[in-house]
Amino acid sequence: MIKTSLIALPDDGIECVEIERLQSFLSNNGYKTECIHLNEANSINEHYSKIDLESKLYFMYVFSDSSVYPKSIIVLSELAQKIKRKSSQNIVVFGGKYVSIYYKEILKDNRFSNIDYIVLGDTEYTMLELINSIENNIILSDFVKSHKNIASKNSLNNKEFLNININDLPLPDRTILKKNKSFNNYYATICDSHGCCMNCSYCTRGQFYKKWTGRSAESLFYEIKNIYIQSSVKCFWFTGGSFEDPGGEIGKKKIRDFCNLIIENNIKVSMKCYIRSNFVSTVEIELLKLMKKAGFHVALVGVESGNELDLQLYNKGTTIEKNKITLHKLREANIYTEHFGFIMINPYSTPERLQANYHFLNEQQPHDLDNYVHHVVADPGTAIRKQIEEDGLIIPNNDFLKMGTSYRFVNEYAADVSAFLHQYFLIFNTETAGITTFIFHVTPFLPNGKIYEEKITSIMRRRAKIYSEYFRILYIDMDIGLCERQYSGFMAILNQFDIEITNLKNKVIKDLIRYKIM
């Protein structure tokens with residue numbers, strides 16, 4: 001029996017629940033597998049040293065739940081090259097949302113010449129059949145031609161995504177949570193659904209999953225309880241489209257049932273989830289307070305815009321007023337929601353739209369730099385890309401890794417703003433809310449947690465004010481030259497905030513160790 005190595009290189013060094021579930025599925029069917037989580041901070045030689053070179057098949061999961069380009073794809077390709085040098089007979093397979101969407105571009109690109117196959121959509125059934133074919137000496141080129149959801153360099157056309165009902169799949173193998181006790185994997189990811197009940201124009205989930213399938217409150221509780229009992233993990237992140245799906249009264253009941261199970265069984269956890277404004281804005285505050293009581297300390301809302309035209313462009317199904325109500329209600333329920341999704345600029349941006357976006361952010365005072373600089377990503381297959389193409393705004397780009405933001409602007413000032421942001425900000429990671437989210441996630445377990453929350457809130461407010469003051473020059477005063485002249489000073493202040501926040505995080509970690517929380 002051949003051995004299959006399942007390899008992941010998540011951007012943030014945490015577990016990859018997708019390959020853990022694939023490992024469970026293959027193991028349950030009697031196949032020999034190994035699950036390897038690599039650390040992106042290590043060198044390619046260190047990655048290579050952790051690989052079992054006796055394996056025949058290497059499945060590499062490219063971790064990117066969103067449409068944003070995952071840096072791991074280059075590293076995994078280099079790893080595949082070293083594996084192939086050891087033996088050209090080894091087989092390398094890529095899987096994941098990003099590579100499914102860009103499978104043609106990847107397989108045609110010489111940088112990825114060592115990738116044999118890409119599985120489109122959910123991988124479990126296809127990988128099982130591929131292993132069977134290898135063991136039975138079936139000609140793999142024939143196998144690929146006869147299966148629509150696996151592609152190779154010589155078989156690119158007439159392919160489609162395979163979707164599996166999430167309830168037909170086993171729970172992930174959580175061995176890594178027991179082995180690796182570190183603050184890089186302080187939470188476990190819980191895949192609560194496949195697909196999404198909305199259809200945002202820029203989102204790739206709609207083409208990856210044609211139908212939403214979701215798990216019950218009882219199933220989610222069972223998984224969390226097992227992890228809670230069998231490991232030191234107390235924090236959880238629900239990664240489905242939105243936790244209230246399928247919405248309405250059914251969604252309310254699922255949330256209520258799940259929260260009551262957590263409370264009644266005295267499971268002391270801290271959780272975060274995605275949740276929509278068109279849901280939160282209409283539900284009673286008591287449901288949100290119940291979520292808080294159960295341990296939902298962080299909620300991620302896709303606000304996306306401060307003007308109605310952009311909300312319509314993104315097909316968000318909500319309004320500015322509902323977004324404001326949502327943020328207010330979550331704050332009233334004492335659920336941290338300051339890290340919300342926001343798209344500042346798109347090909348149709350005008351000074352008026354940018355100003356409206358700025359005014360919304362100025363009112364809400366978020367502390368995430370990304371809110372002020374983020375561009376919409378227009379991936380192949382999305383509705384917004386189709387519109388941009390029809391309007392003749394696409395800029396042809398030979399590098400598919402840069403394809404998502406390769407477009408023109410209808411307004412000259414918006415184009416100038418974009419060029420400025422790319423030159424000065426989009427050269428580094430602009431998401432600055434990670435440590436803050438961590439602190440709000442873990443401090444509920446500390447006896448002095450409220451003090452830490454007050455301290456980080458003070459820092460957040462001061463940093464948010466700095467963002468607001470600087471970007472007023474760009475979006476309201478429309479003075480790019482002044483922004484350039486003040487850039488060095490602005491970044492120096494942000495660096496001081498980074499030091500202050502990191503020092504606070506280190507104190508939190510020391511207390512977590514001191515009180516034996518994790």
Checking R276 against E244 for the salt bridge (Lys or Arg N to Asp or Glu O under 4.0 Å) test, could you report, in this order, the C-alpha distance in whole Å, the side-chain angles of both residues, the deciding distance, and whether it holds? CA-CA 8 Å; R276 295 193 196 93; E244 81 279 2; 3.0 Å; yes
Could you walk me through whether Y202 and L313 pass side-chain contact (heavy atoms from CB on, under 4.5 Å), step by step? CA-CA 9 Å; Y202 54 80; L313 175 67; over 6 Å; no
Please step through side-chain contact (heavy atoms from CB on, under 4.5 Å) for the pair K211 and N163, ending with a clear verdict. CA-CA 8 Å; K211 181 181 178 181; N163 294 157; 5.7 Å; no
Begin from the C-alpha positions of D168 and N165 and carry the test side-chain contact (heavy atoms from CB on, under 4.5 Å) through to its verdict. CA-CA 5 Å; D168 293 337; N165 187 313; 3.4 Å; yes
R463/D498 under side-chain contact (heavy atoms from CB on, under 4.5 Å): CA gap, chis, key distance, verdict: CA-CA 10 Å; R463 185 167 66 173; D498 288 343; 4.2 Å; yes
CA sep, side-chain torsions, deciding dist, call: E389, R385, salt bridge (Lys or Arg N to Asp or Glu O under 4.0 Å): CA-CA 6 Å; E389 288 175 344; R385 182 166 185 97; 3.3 Å; yes
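In this structure a side-chain-to-backbone donor-acceptor pair under 3.5 Å is missing from Y467 to D368. T432 places a side-chain N or O within donor-acceptor distance of the main-chain N or O of H367, the cut-off being under 3.5 Å. Side-chain atoms of N315 come within 3.5 Å of backbone atoms of N199 as a donor-acceptor pair (strictly under, hydrogens ignored). Checked by atom type and distance alone, the side chain of S219 never pairs as donor or acceptor with a backbone atom of S216 at under 3.5 Å.
Under 4.0 Å is where a charged nitrogen must lie from a carboxylate oxygen, and between D310 and K316 no such pair does. The residues R256 and E284 are annotated as salt-bridged, a charged nitrogen and a carboxylate oxygen being separated by less than 4.0 angstrom. A salt bridge is defined here as a Lys NZ or Arg NE, NH1 or NH2 lying under 4.0 Å from an Asp or Glu carboxylate O, and R174 with E20 meets this definition. The pair D399-R111 meets the salt-bridge criterion, with a side-chain N (NZ, NE, NH1 or NH2) lying under 4.0 Å from an Asp/Glu carboxylate O.
In this structure, H374 has its ring center no closer than 6.0 Å to that of F342. Between F440 and H297, the ring centre distance reaches or exceeds 6.0 Å. The ring of F25 has its center closer than 6.0 angstrom to the ring center of Y125. Taking the centre of each ring, Y187 and F238 stay at or above the 6.0 Å mark.
Crowding of N429 atom CG: a count of heavy atoms from other residues, nucleotides or ligands under 6.0 Å exceeding 12. Open room surrounds CZ on R461; 12 or fewer heavy atoms of other groups in view lie less than 6.0 Å from it. No more than 12 heavy atoms of other residues, nucleotides or ligands sit less than 6.0 Å from atom CG of N398.
Taking the centre and axis of the six-membered ring of F438, the NZ or CZ atom of K505 falls inside the cone set by 45° and 6.0 Å. With F243 as the aromatic partner, K254 meets the cation-pi criteria of under 6.0 angstrom to the ring centre and within 45 degrees of the ring axis. A cation-pi arrangement is not found for K159 relative to Y103, the charged atom failing to lie both closer than 6.0 Å to the ring centre and inside a 45° cone about the ring normal.
Ring pair Y424/F420 is tilted by interplanar angle, where 30° to 60° counts as tilted. Aromatic ring pairs are classed by plane angle as parallel below 30°, tilted from 30° to 60° and perpendicular above 60°; the pair H422 and H375 is perpendicular. Ring geometry for F340 against F360 counts as perpendicular: the plane angle is over 60°, on a 0 to 90° scale with 30° as the lower cut.
Between F258 and M271 there is a side-chain heavy-atom pair separated by less than 4.5 Å.
For the side-chain contact (heavy atoms from CB on, under 4.5 Å) test with C483, the passing option among V417, I473, D477 is I473; the others fail. Looking at Y475, F471, Y372 one by one, the single match for side-chain contact (heavy atoms from CB on, under 4.5 Å) with L361 turns out to be Y372.
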